[in-house]
2 protein chains.
Amino acid sequence: MQRMTKQRQAVFTELARLPDFRSAQQIFDALKSQGEKVGLATVYRNLQTLSEDERVDVLRSHDGEFLYRLCETPHHHHHLVCRTCGTAEEIEQEAIETWVAEVSASHGFTEVEHSMELFGLCANCAKIKQ
Amino acid sequence: MQRMTKQRQAVFTELARLPDFRSAQQIFDALKSQGEKVGLATVYRNLQTLSEDERVDVLRSHDGEFLYRLCETPHHHHHLVCRTCGTAEEIEQEAIETWVAEVSASHGFTEVEHSMELFGLCANCAKIKQ
DNA sequence: TTATCTGCAAACATTTTGCAGCGAG
DNA sequence: CTCGCTGCAAAATGTTTGCAGATAA
């Protein structure tokens with residue numbers, strides 16, 4: 001099935017090291033500067049595998065990059081991401097889910113999936129900024 | 001200031017022709033097959049200008065393309081987009097807006113902007129499909 | 001006239017893929 | 001030993017940019 005190679009291990013460890021969203025590039029750079037020998041393509045491939053297995057959350061940043069981070073909760077959820085430092089908090093809202101279901105039904109849509117991400121400025125960065 | 005060229009006119013007309021979300025490529029192809037002589041870069045440049053002026057809605061499709069369409073309502077709103085045919089319906093919901101405001105505040109975040117798009121299968125496409 | 005716009009092609013950034021060799025199980 | 005994984009480099013995608021010539025006002 002799946003093999004645990006040094007590279008996969010390294011990617012996983014790096015993801016575990018900081019609980020924020022990172023791009024594949026950032027992870028690649030971090031590993032490189034730690035002396036790990038990992039190719040960029042390998043980072044992408046592992047992130048893809050991990051996201052297929054639903055071990056990481058994937059979201060798309062404002063300028064179109066994929067960002068990854070370890071899932072904390074296994075079920076569906078959304079994030080409140082700091083634009084500046086990348087800190088992310090999971091927000092739980094079944095209210096949204098039911099609302100989505102209602103809206104979809106009332107418009108005759110099926111198989112609806114929703115993406116919702118909140119990007120803002122966290123309390124800490126707001127303080128630093130001003 | 002801004003000049004109304006044949007090309008800008010063409011892009012605008014094409015956007016007006018169908019009220020669905022289109023990619024720059026699709027608009028480019030449509031214009032080309034109508035015999036219009038417009039470059040792809042020009043389409044992009046005009047779409048960018050239009051979105052800066054808030055004359056078009058921009059959203060990102062599931063696989064990372066920008067999609068454009070004329071704004072119908074000037075204020076903030078979301079969309080329910082058909083994955084298959086691209087039909088989009090605007091959905092208004094201040095419920096969401098207030099919810100976002102609450103969540104943001106409770107996490108100490110400021111300047112929060114949210115993106116939320118629903119992608120599904122519209123009634124018509126669902127019928128065709130089965 | 002003249003600043004803006006256009007077309008083209010080349011540049012970009014991010015992600016994916018092909019392939020020969022490596023290595024975990 | 002095998003089949004999945006890796007590195008590299010090349011390809012693919014979608015978008016942007018530089019520049020010389022065209023054009024709206």
Side-chain angles (χ1 to χ4, degrees), chain A residues 1-15 20-53 55-69 81 83 86 115 117 119, chain B residues 1-15 20-53 55-69 81 83 86 115 117 119:
Chain A
M1 205 72 259
Q2 262 193 5
R3 297 175 184 173
M4 182 48 69
T5 61
K6 203 156 45 102
Q7 291 84 342
R8 203 195 292 295
Q9 186 60 253
V11 170
F12 198 81
T13 305
E14 179 60 26
L15 279 170
D20 301 338
F21 280 94
R22 318 288 246 182
S23 66
Q25 275 290 349
Q26 288 178 307
I27 293 167
F28 171 68
D29 291 344
L31 291 178
K32 211 164 161 187
S33 73
Q34 285 166 39
E36 294 286 348
K37 292 207 214 63
V38 187
L40 180 56
T42 301
V43 172
Y44 273 107
R45 278 187 281 229
N46 280 322
L47 288 172
Q48 196 173 296
T49 304
L50 283 168
S51 74
E52 274 162 15
D53 298 349
R55 315 256 320 259
V56 298
D57 295 324
V58 186
L59 65 81
R60 205 181 278 273
S61 80
H62 235 49
D63 42 289
E65 278 179 319
F66 284 106
L67 302 179
Y68 306 84
R69 97 165 186 170
V81 185
R83 230 190 321 267
S115 67
E117 300 299 340
F119 288 91
Chain B
M1 204 70 259
Q2 259 191 5
R3 295 175 185 175
M4 182 47 69
T5 61
K6 202 157 44 102
Q7 291 86 341
R8 202 195 296 293
Q9 187 60 252
V11 169
F12 198 80
T13 304
E14 179 58 27
L15 278 170
D20 302 337
F21 278 94
R22 315 294 234 164
S23 66
Q25 276 290 349
Q26 288 178 306
I27 293 168
F28 172 69
D29 292 343
L31 291 179
K32 210 164 164 186
S33 72
Q34 285 166 40
E36 294 286 350
K37 292 208 214 60
V38 187
L40 180 56
T42 301
V43 172
Y44 273 107
R45 277 187 283 230
N46 281 321
L47 288 172
Q48 196 173 296
T49 305
L50 283 168
S51 73
E52 274 163 13
D53 298 350
R55 316 257 319 258
V56 297
D57 294 325
V58 186
L59 65 81
R60 206 181 280 271
S61 81
H62 209 269
D63 42 289
E65 281 178 316
F66 284 106
L67 302 178
Y68 307 85
R69 95 165 188 171
V81 186
R83 227 189 323 264
S115 68
E117 299 301 339
F119 287 92

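Numbers restart at 1 for each chain; the letters A, B, ... are given by sequence-line order, proteins then strands. Owing to the predicted nature of the structure, the values given are computational and were not obtained by experimental measurement. Keep in mind that the numbers below use all heavy atoms, side chains included, and drop hydrogens, waters and symmetry copies.
Straight-line distance from the CZ atom of B/Arg8 to the P atom of C/dA3: 18 Å, rounded to whole Å. Regarding A/Asp53, its CG atom lies at a distance of 15 Å from the P atom of D/dG4, rounded to whole Å. Rounded to an integer number of Å, the gap from B/Leu40 CG to C/dA11 P is 17 Å. Here the C1' atom of nucleotide C/dT14 and the CZ atom of B/Phe66 are 13 Å apart, to the nearest Å. Rounded to whole Å, atom P of D/dA25 lies 11 Å from atom CD of B/Gln9. Atom-to-atom, CD of B/Gln7 to C1' of D/dT23 comes out at 9 Å; the value is rounded to the nearest Å.
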For this session: Mind running side-chain contact (heavy atoms from CB on, under 4.5 Å) on A/Tyr68 and A/Leu50 for me, showing each step along the way?
Result: CA-CA 10 Å; A/Tyr68 306 84; A/Leu50 283 168; over 6 Å; no
For this session: Apply side-chain contact (heavy atoms from CB on, under 4.5 Å) to the pair A/Leu59 and A/Val81, showing each step before the final yes or no.
Result: CA-CA 10 Å; A/Leu59 65 81; A/Val81 185; 4.1 Å; yes
For this session: In sequence, state the C-alpha distance, the side-chain angles, and the governing distance for A/Asn46 and A/Phe12, and then conclude on side-chain contact (heavy atoms from CB on, under 4.5 Å).
Result: CA-CA 9 Å; A/Asn46 280 322; A/Phe12 198 81; over 6 Å; no
Exercise. Which letters describe nucleotides 20-25 of chain C, given B = protein heavy atom under 4.0 Å from base, S = only from sugar-phosphate, - = neither?
Worked result: ---BBS
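If you find the closest nucleotide of DNA chain D to B/Leu67 and to A/Val43, the one lying nearer the 5' end belongs to A/Val43.
Proximity of residues 44-52 of chain B to DNA chain D (heavy atom under 4.0 angstrom from any strand atom) is restricted to B/Tyr44, B/Arg45, B/Gln48. Within residues 28-37 of chain B, the residues approaching DNA chain C are B/Lys37, by heavy-atom distance under 4.0 Å.
Side-chain contact between A/Leu47 and A/Leu15 is present, with heavy atoms from C-beta onward closer than 4.5 Å. Residues A/Gln7 and A/Val43 fail the side-chain proximity criterion, which asks for heavy atoms closer than 4.5 Å. Proximity of B/Val38 to B/Ile27: side-chain heavy atoms (C-beta onward) are nowhere separated by under 4.5 Å. Using a 4.5 Å heavy-atom threshold, the side chains of A/Val11 and A/Arg8 count as separate.
Between A/Leu40 and A/Phe28, the shortest heavy-atom contact is N-CE1, 3.4 Å. Here the closest non-hydrogen pair linking A/Ser51 and A/Val58 is CB-CG2, 3.4 Å.
Here A/Phe119 pairs with A/His62 under the ring pair (Phe, Tyr, Trp, His ring centres under 6.0 Å) rule; sequence neighbours left out. Taking B/Glu14 as the reference, B/Arg17 meet the salt bridge (charged side-chain N to carboxylate O under 4.0 Å, His left out) condition, with sequence neighbours excluded.
Counting heavy atoms of neighbouring residues, nucleotides and ligands inside a 6.0 Å radius, atom CZ of B/Arg55 does not exceed 12 of them.
Put simply, OG1 on A/Thr13 and CD on A/Glu36 are 8.0 Å apart, with the number rounded to the nearest 0.5 Å.
End-to-end axis angle for the helix from C/dT1-D/dA25 to C/dG25-D/dC1, using five pairs per end and rounding to 10°, comes out at 30°.
Taking every side-chain heavy atom of A/Glu65 into account, C/dT15 is the closest of D/dG14, C/dT15, C/dA9.
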